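Structure, as structure tokens:
Just so it is clear: chains get the letters A, B, ... in the order the sequence lines come, proteins before strands, and each one is counted from 1. What you see is a predicted model, and the numbers here were worked out from it, not measured in a lab.
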There are 2 protein chains.
Amino acid sequence: MSANSRMSLAVHILTWLAYDRRGTDKEVATSQRIATSVNTNPVVIRRCLGQLKDAGLVEVTHGRNGGWNLARPAEKISLLNVYQALPEEPIFGMHASDPNAECYVGFGIQHTLGQVYQEATEALCRSLSATTVADVLRDTLAFHSVSAGAR
Amino acid sequence: MSANSRMSLAVHILTWLAYDRRGTDKEVATSQRIATSVNTNPVVIRRCLGQLKDAGLVEVTHGRNGGWNLARPAEKISLLNVYQALPEEPIFGMHASDPNAECYVGFGIQHTLGQVYQEATEALCRSLSATTVADVLRDTLAFHSVSAGAR
DNA sequence: CTAAAGTGTATCCACCTTAGTTACACTAAC
DNA sequence: GTTAGTGTAACTAAGGTGGATACACTTTAG
């Protein structure tokens with residue numbers, strides 16, 4: 001149960017939606033159906049989808065025949081969008097207990113670390129922004145073909 | 001108690017060592033003294049120092065008057081070295097439960113995600129490699145002066 | 001109008017990780 | 001041989017996580 005699996009969950013859901021919504025007269029995309037692909041509980045899916053909805057990445061319709069859809073084409077949803085849609089959780093956390101402010105190092109180090117961490121996080125974000133949900137879907141389906149061919 | 005505060009702890013320790021070891025006829029750098037700056041328990045410090053020692057970033061002497069020292073100048077210890085010295089913990093975890101392999105998306109997505117995550121992590125590492133412990137020490141002490149001056 | 005099929009959310013549980021702590025064997029200098 | 005350190009095992013308390021159940025709310029189908 002690794003800490004930050006939420007990113008994987010969110011990307012999986014969006015990729016699944018992109019795959020499932022390609023046709024028109026399809027079954028409705030419910031949290032139950034998504035849960036089957038992800039192999040988890042529908043509530044877990046809804047919790048995640050709620051965050052993606054707040055970020056404007058997906059849309060929901062309520063009531064009977066209600067369900068989910070991408071708010072815009074998969075080509076226009078980058079993994080950076082997904083990352084930012086999730087509740088902020090710093091890559092590097094600060095000290096569990098605040099350092100001793102009487103110490104020359106302890107006094108200023110959190111400020112310095114904050115700057116370093118911000119730069120590193122920005123580099124990571126730039127990398128994430130280069131990939132879209134459409135890319136993930138394409139590569140995932142391609143991997144499927146390769147594996148099938150290898151058998 | 002944020003997840004990955006180990007990086008902050010390790011950098012703090014190395015920075016403290018760099019600061020403390022500048023003179024020659026100083027007091028010995030014990031885990032107890034470091035713990036006072038970090039404001040935690042000496043065992044926590046020793047656990048971390050043990051990993052830094054395994055990575056060749058610090059040296060230890062045992063017995064009476066034993067203690068710690070940087071294994072090489074602070075200018076030659078990058079934050080990437082520190083990051084890699086810590087037990088590997090991926091930035092992004094995979095799904096808590098394996099996806100449904102029967103699903104076209106579920107089958108290949110972990111492979112795709114793995115590639116994306118690796119690229120992003122490499123970008124982060126490149127950023128970390130640009131800063132050294134000596135840089136952190138300099139900026140931290142500078143912050144101290146600025147704050148003092150502002151009072 | 002009512003039943004059905006969805007979402008939204010609160011609550012609980014089991015599990016895991018973590019920092020912190022105590023205790024103690026081991027090591028080397030004085 | 002005493003003293004002052006490290007190395008490490010074991011335990012505790014706290015917090016976060018995914019998962020599960022339950023139920024109120026919403027909308028469509030009939």
Length of the line joining [X]:[atom1] and [N]:[atom2], which is rounded to integer Å:
X     : N      : atom1 : atom2 : value
B:Q51 : D:dT8  : CD    : P     : 11 Å
A:K53 : C:dT7  : NZ    : C1'   : 8 Å
B:L86 : C:dA19 : CG    : C1'   : 15 Å
B:E89 : D:dG16 : CD    : P     : 15 Å
A:D54 : C:dT9  : CG    : C1'   : 13 Å
A:L17 : C:dT7  : CG    : P     : 11 Å
B:H95 : D:dG18 : NE2   : P     : 12 Å
A:W68 : C:dA5  : CH2   : C1'   : 15 Å

Which donor-acceptor pairs under 3.5 Å do the side chains of residues 51-65 of chain A make with protein atoms, sequence neighbours left out?
residue: A:T61; atom: OG1; partner: A:G67; partner atom: N; Å: 3.2

Practice problem: With sequence neighbours excluded, give me every ring pair (Phe, Tyr, Trp, His ring centres under 6.0 Å) pair touching residues 116-137 of chain A. | Solution: A:F92-A:Y117
Tell me whether the OP1 or OP2 atom of [N] has a side-chain N or O from [X] closer than 4.0 Å.
X     : N     : answer
B:S31 : D:dG5 : no
A:T30 : C:dA5 : no
B:T61 : D:dG5 : no

Checking [X] now: which residues fulfil side-chain contact (heavy atoms from CB on, under 4.5 Å) with it, not counting sequence neighbours?
X      : answer
B:S78  : B:L80, B:N81
A:D139 : B:T112
B:V44  : B:L9, B:T40, B:N41, B:R47
B:Q115 : B:H111

Self-check item: Side-chain donor/acceptor of B:T36 to backbone N/O of B:Q32, under 3.5 Å
Solution: yes
Exercise. For the pair A:S5 (side chain) and B:G93 (backbone), establish whether a donor and an acceptor sit closer than 3.5 Å, ignoring hydrogens and angles.
Key: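 No; zero donor-acceptor contacts below 3.5 Å.
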Quiz item: Residues in salt bridge (Lys or Arg N to Asp or Glu O under 4.0 Å) with A:R72, at least two apart?
Solution: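 With neighbours one apart ignored, the set is empty.
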Quiz item: salt bridge (Lys or Arg N to Asp or Glu O under 4.0 Å) with B:R126: which residues, sequence neighbours excluded?
Solution: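 Counting only residues at least two positions away or on another chain, B:R126 forms no salt bridge (Lys or Arg N to Asp or Glu O under 4.0 Å).
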Exercise. Five pairs at each end of the helix from C:dC1-D:dG30 to C:dC30-D:dG1: take the axis at both ends and give me the angle between them to 10°.
Key: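 The two end axes of the helix from C:dC1-D:dG30 to C:dC30-D:dG1 meet at 10°.
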Write out a two-atom table: protein N or O, nucleotide N or O from nucleotides 27-30 of chain C, distance below 3.5 Å.
residue: C:dA28; atom: N3; partner: B:R64; partner atom: N; Å: 3.4
residue: C:dC30; atom: OP1; partner: B:N65; partner atom: ND2; Å: 3.3

Quiz prompt | Those residues of residues 34-49 of chain A lying under 4.0 Å from DNA chain C by at least one heavy atom | solution = A:V43, A:R46, A:R47
Practice problem: Would you list the pairs meeting side-chain hydrogen bond (donor to acceptor under 3.5 Å, both in side chains) in which at least one residue belongs to residues 90-101 of chain B, sequence neighbours left out? | Solution: A:H12-B:H95, B:H95-B:Q110
